[in-house]
Amino acid sequence: MASPVRVRIAPSPTGNLHVGNARTALYNYLFARQTDGVFILRIDDTDAKRSSDEDIDGVIRGFRWLGLDWDEGYAADGDYGPYRQSERQDLYRSHMEKLLAEGHAYRCWCTPEELDVLRKQAQRERRPFRYPQTCLNLSAAERSAHERSGDPFVIRFLSPREGSVDFVDLVRGDLSVEAAELDDLVIVRTDGTPTYNFASVIDDSLMKITHVIRGADHLYNTHRQLPIAQALGFDLPAFAHLPLLTNPDRTKLGKRSGAVFVGDYAAQGYLPEAVVNFLALLGWNPGDTQEIFSLDELVEAFSLDRVNRANAVFELQKLFWLNGVYIRSMSVADLTDRSIPFLADAGTVDPDQVDLDYLRGAVALEQERLKTLTEAPAALDFFFDAEVTPDPKHLVAKKQTPEASLRALELVLTRLQAMPAWNHDSIETCLRGIAAELGWKAGQLFMPIRVAITGKTATPPLFETMEVLGSTRTLARVKSAIEVLAA
RNA sequence: GCCCCCAUCGUCUAGUGGACCAGGACGCAGGCCUUUCAAGCCUGUAACGAGGGUUCGAUUCCCUCUGGGGGCGCCA
């Protein structure tokens, strides 16, 4: 019986959840849920100076918005905490001491400035830079001089010189790097805090992580971490490196191309369901032609061996479409609720005073036209504006004169006022009757009316719109359109 | 520069030696439907980076090249 799957997402607190991290989190989540495993949230803030509680909250908000709940870790329970690296210093220290004692690590007094000089020199001579192990080869006298001086020092891992570091990646297969390519990397900084590669190895092991699923930008880190894990006597987890998300120019997705944070998409009126669906398909596919997936369906369908190796361009056009698909598939009540914050922001409605039934009626008419929630205010404003301002030239019917159009609108007003019942069918009968009487095509008559009551040429179907708008608003608007045209 | 990884339509991708004059989706174009706009439906557009092998046969296997990406921090 295999041990239960334990996977983690380990963001560094940057105040926002990057979409690349969101996708990595999603894949971890899917893998965990599908295997009845445990999904863990760890905060990788070894660099304590750039982490604040607000920064962590910002990242967490992204996960919550997407609906990726974690079972264990920061802001949850768990037996392997603390789940914030800045609170695990003693663990890193004891492991460091073990490495030091066993000769797997050594103190280094070289300063960043000195190293910088060496690095530049290597660059100039077109050879790879590798730490020359100056401090490993110090004489006893030099070493004790340093020790007595109290000079700041870092701890370096003594990397193996012989052979190769190999592992099997679940998405890329056999990977190998010559040990000679590896450097003696710094595992503990001058201030005593661990670097990423060191803390990560320790935490993954102590937290009993079984599968490390992360971006391909960590591929090389795996080769660096493996020897450390081995020196520490750890069992190794399985690794799966995900293709990177890129900018349209194929470079690693960064800040340069617009929105890269989950929060940006929330603000732009995208639905979490759509974002999740979209992210899932960037680097993975189900093997059949299904494109629309709920989170539960993804849990069902996901598999690591259908993850691609090639990077994926983060292009929004499909997300835009997907968002429309999700908007159309949701209930009017739900869509209304989710639209209200956007409508309130734009000042279209006052959420405390709005007539919810009326709003829902309006939302129902715009539902299949909306692609994002941010479009709601512009789509719905005419339902709430005190008056609309039609463009006179659009009040003139196609192939008709302004005068004829004016007379037609006057007739429409009279007949509408005389109507005993105000509903879709009665309006339709009335208006089609007028068109027939005038000898006009229906569309010829409807457009001026549409413009009169909405102020725009593209709207939901006319009769429904008039029904929702109600007779009072409709008649007042037809009346004022007549005045505009008469002027 | 060095190491590693990757390579099918504009984009996301299917494809694991013949069923492929390469399939789906988004986008784009045209059409149908139609009271406008959408939605829906139909049609079209468009790709195996190049060159060598292996094979009766390569998008699929191998090599080289080219192109792209990642890494090369006391960042994560």
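To find a chain, count down the sequence lines: A is the first, B the second, and so on, and within it residues start at 1.
- Distance from the side chain of A:R172 is smallest to B:rC5 among B:rG71, B:rC5, B:rU13.
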Could you pull out the protein-nucleic contacts involving nucleotides 64-69 of chain B (nitrogen or oxygen on both sides, under 3.5 Å)?
unit_1, atom_1, unit_2, atom_2, d
B:rG69, O2', A:N311, OD1, 3.0

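- Every residue meeting the side chain to side chain contact (heavy atoms under 4.5 Å, CB included) condition with A:T459, not counting sequence neighbours, appears here in chain and number order: A:R450, A:T454, A:K456.
- Residues passing the side chain to side chain donor-acceptor pair (under 3.5 Å) test with A:E375: none are found, sequence neighbours excluded.
- Between B:rG15 and B:rC61, the two P atoms lie 12 Å apart (nearest whole Å).
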Please enumerate all protein N or O atoms sitting under 3.5 Å from an N or O of nucleotides 39-41 of chain B, with distances to 0.1 Å.
unit_1, atom_1, unit_2, atom_2, d
B:rA39, OP1, A:K371, NZ, 3.2
B:rA39, O3', A:R328, NH1, 3.3
B:rG40, OP1, A:R328, NH1, 3.4

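- An OP1 or OP2 oxygen of B:rG73 is reached within less than 4.0 angstrom by no side-chain nitrogen or oxygen of A:R130.
- Of the residues in residues 445-459 of chain A, those with a non-hydrogen atom less than 4.0 angstrom from any atom of RNA chain B are A:F446, A:M447, A:R450, A:T457, A:A458, A:T459.
- Scanning atom types as modelled, one donor and one acceptor separated by under 3.5 angstrom connect the side chain of A:N221 and the base of B:rA76.
- Contact check, A:T195 against B:rG73: no side-chain N or O comes under 4.0 Å of OP1 or OP2.
- Side-chain N/O atoms of A:N285 include none lying less than 4.0 angstrom from OP1 or OP2 on B:rA25.
- With sequence neighbours left out, the side chain to side chain donor-acceptor pair (under 3.5 Å) criterion links A:S176 to A:D166.
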